Amino acid sequence: MADIAVLLKQVPDTNAKIVVSGDRVDEGAVNKWSMSPYDEYALEAALAQGGSITAITCGPDRAKKMLTDAAAVGATNLMHIVVDDLTTLDSNQVASILAAAVEKTGASVVFCGKQAADTNAGSTGPGVAEKLGSGCVTMVSELSGDSSGFLALRPSATGMERVSVSAPCVIAFDKMGTELRRPNVKGIMMAKKKAIETMSVEDLGVDIGSASVTLDNQSPPAEKPAGQKFEGAESVSTVVGKLREEAKVI
Amino acid sequence: MVTVIAETSGNGLHPVTAQLVGAAGGDATVLCPGGNGASEAAALSGVSKVISVEGDCFSSFDGGAWASALGSLTEGRVLAASTANGREIASRMAASKGVAVVQDVTSISGNTVSRPIYSGKAIETITVSDDTILTLRPNTFAAADGGGSAAVNTVNQSADVATSVKEAIAKASERLDVSDADIVISGGRGMGSIDNFSHLEAIADQLGAAVGASRAVVDEWGMSHSIQVGQTGKTVNPSLYIAVGISGAIQHLAGMRSSKYIVAINKDADAPIFGVADYGIVATWEEALPALSDALSNL
Ligand SMILES: Cc1cc2nc3c(=O)[nH]c(=O)nc-3n(C[C@H](O)[C@H](O)[C@H](O)COP(=O)(O)OP(=O)(O)OC[C@H]3O[C@@H](n4cnc5c(N)ncnc54)[C@H](O)[C@@H]3O)c2cc1C
Ligand SMILES: Nc1ncnc2c1ncn2[C@@H]1O[C@H](COP(=O)(O)O)[C@@H](O)[C@H]1O
């Protein structure tokens with residue numbers, strides 16, 4: 001069994017309202033923070049492999065709670081690289097930090113989400129793989145085998161395909177068919193006592209240079225003009241007429 | 001100077017490639033992985049050079065190998081498609097060059113770009129450096145016209161692959177993919193049962209549309225996750241999205257609210273889906289779909 005590092009990001013719960021105040025998303029207005037949904041599948045896949053699992057997050061202090069949640073379902077080691085405001089980092093810096101963290105754990109297998117629910121980017125898994133010189137498979141919805149030869153199901157141009165990859169490798173997970181395990185009382189109690197290895201980027205000893213992109217502002221999406229609403233199936237032909245004449249889409 | 005990484009589809013170009021060239025605004029070099037689509041790319045206006053990159057690694061997709069083989073050939077700003085493969089290549093290329101990648105860009109003005117975040121619940125505007133790699137959201141930028149006649153150079157360039165394909169599984173149906181289609185018609189729990197999706201398929205055939213679904217029916221009726229639209233499914237932005245028997249939960253809206261036009265058919269006049277619909281029809285699908293089918297045949 002290989003040691004596995006799982007990259008977990010804490011994000012506003014998908015049900016949380018995203019409020020922009022001034023020129024930034026107002027984090028104070030987020031009522032619930034959760035583990036990013038695809039990361040839950042990455043963690044579940046790691047738990048299914050068994051062995052030593054290090055849950056790694058990079059983010060502000062509040063992210064500790066998510067690491068404890070990961071311990072409650074079975075993550076064996078917890079690692080927190082404290083960065084107060086992730087929006088000050090570019091994709092290359094995030095990949096450098098997380099790759100250095102993975103190297104520190106000694107794990108040769110890295111599981112992560114296909115994209116985070118806040119950035120929606122999908123840059124980190126392949127970026128970390130590049131920094132580590134590893135193979136990478138993204139959008140994985142089924143995984144079998146072990147580090148000596150994983151078989152991963154991913155979409156292909158003509159449908160789906162099963163590809164083999166072996167350690168060192170990064171697997172970025174899509175939603176999977178498996179149920180996510182829920183913590184039990186014992187798990188929750190144990191997790192509260194679990195130590196979190198906390199460090200700064202400097203402690204990691206990785207030079208991340210300076211960001212090459214800067215965030216100017218965040219804004220609410222453009223409001224759509226109010227739509228037209230019709231009652232009853234009789235209106236269908238009117239709408240079809242409008243789709244042709246007004247919208248010109250059919 | 002801009003380098004476009006062509007998105008290929010089979011032996012040809014995926015339509016998004018012409019949009020990347022359009023966004024480049026002229027003097028684009030197009031890299032064609034595996035040589036696919038090179039002559040098509042050469043015929044796009046605004047393309048000054050096509051490099052047909054041939055190498056063993058291009059026989060199946062391996063993001064690391066593709067990025068490494070293509071990476072040495074780029075000059076200036078690099079643009080790729082915000083598709084699964086495009087994002088992976090761009091991420092690896094950026095990490096290897098030690099530069100940033102900004103994914104899913106929906107507008108570019110000089111070095112200022114914007115992109116949706118939080119599944120479209122907000123937009124961010126970013127100032128990028130000249131060497132930042134960008135992936136562009138399909139169907140957002142105007143495609144370059146034909147009429148070009150760029151030279152095609154062939155370069156042999158490969159790299160070590162870390163993955164190998166063991167099994168190919170054909171698509172369960174020949175239906176269009178929701179992320180590629182210009183029109184998507186999706187059904188939700190209001191359709192009553194999986195069997196009733198045949199009514200949606202019939203309309204989809206009339207329109208040349210793809211069929212999508214909400215998560216409720218994917219999970220509960222065992223439909224393929226590949227057609228799920230939303231936060232944990234696909235993000236689509238077709239010209240026309242028709243939601244039938246879908247309530248419009250925030251996680252569903254996350255995947256489709258950027259569609260150009262949205263039609264909602266729902267029997268509940270207060271369903272949240274009407275909040276994003278350009279054209280809302282308060283009716284049951286049992287009544288509305290036959291009427292829709294008739295109206296379409298009469299066009
Ligand atoms: C983390 C997370 C991720 C999620 N990701 C997604 C996602 O990717 N995609 C997604 O879709 N959901 C997602 N969801 C689920 C989402 O919250 C909703 O539960 C789901 O979208 C509801 O599906 P629905 O609209 O089909 O069903 P319902 O909410 O049950 O709505 C059914 C609708 O059909 C209407 N109706 C009933 N009968 C008829 C009739 N005869 N004719 C016309 N209308 C009728 C009803 O008025 C109702 O509005 C996610 C949830 C979570 C927590
Ligand atoms: N700050 C972070 N800390 C830990 N993991 C992260 C972080 N950012 C991204 N990841 C991982 O990388 C995946 C893709 O993130 P992104 O590239 O931002 O879409 C996420 O689903 C996580 O698994």
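Computed from a prediction, not measured in an experiment: that's the story for all the values here. All heavy atoms count here, side chains included; hydrogens, waters and symmetry mates do not. Throughout, protein chains are lettered first and strands after them, A, B, ... in sequence-line order, and every chain is numbered starting at 1.
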Is the backbone N or O of A/V249 less than 3.5 Å from a side-chain atom of B/S239, with the two atoms forming a donor-acceptor pair by type? no

Would a distance-only check, ignoring hydrogens and angles, find a side-chain to backbone donor-acceptor pair under 3.5 Å from B/K121 to A/K17? no

Can you tell which part of B/I183 gets under 4.5 Å to a heavy atom of chain A, answering side chain, backbone, both or neither? side chain

A/T138 side chain to B/E88 side chain, donor-acceptor N/O pair below 3.5 angstrom: yes

Below 4.5 Å from any heavy atom of chain B, which atoms of A/M160 appear? Answer side chain, backbone, both or neither. both

Under a 4.5 Å heavy-atom cut-off, does chain A meet the side chain of B/V263, its backbone, both or neither? side chain

Check whether A/K114 reaches the backbone of B/A84 with its side chain - one donor and one acceptor, N or O, closer than 3.5 Å. no

For the pair A/R162 (side chain) and B/I169 (backbone), establish whether a donor and an acceptor sit closer than 3.5 Å, ignoring hydrogens and angles. no

Answer with side chain, backbone, both or neither: which region of A/A99 has an atom nearer than 4.5 Å to a non-hydrogen atom of chain B? neither

Region of A/Y38 that comes under 4.5 Å of a non-hydrogen atom in chain B: side chain

Which side-chain N or O atoms in residues 206-216 of chain A pair as donor and acceptor under 3.5 Å with protein atoms at least two apart or in another chain?
residue	atom	partner	partner atom	Å
A/D207	OD1	A/G209	N	3.0
A/S212	OG	A/D90	OD2	3.2
A/D216	OD1	B/T127	OG1	3.0
A/D216	OD2	B/T127	N	3.4
A/D216	OD2	B/T127	OG1	2.7

Closest heavy-atom pair, A/L151 versus B/K166, reported as atoms and distance to 0.1 Å, is CD1-CG, 3.6 Å

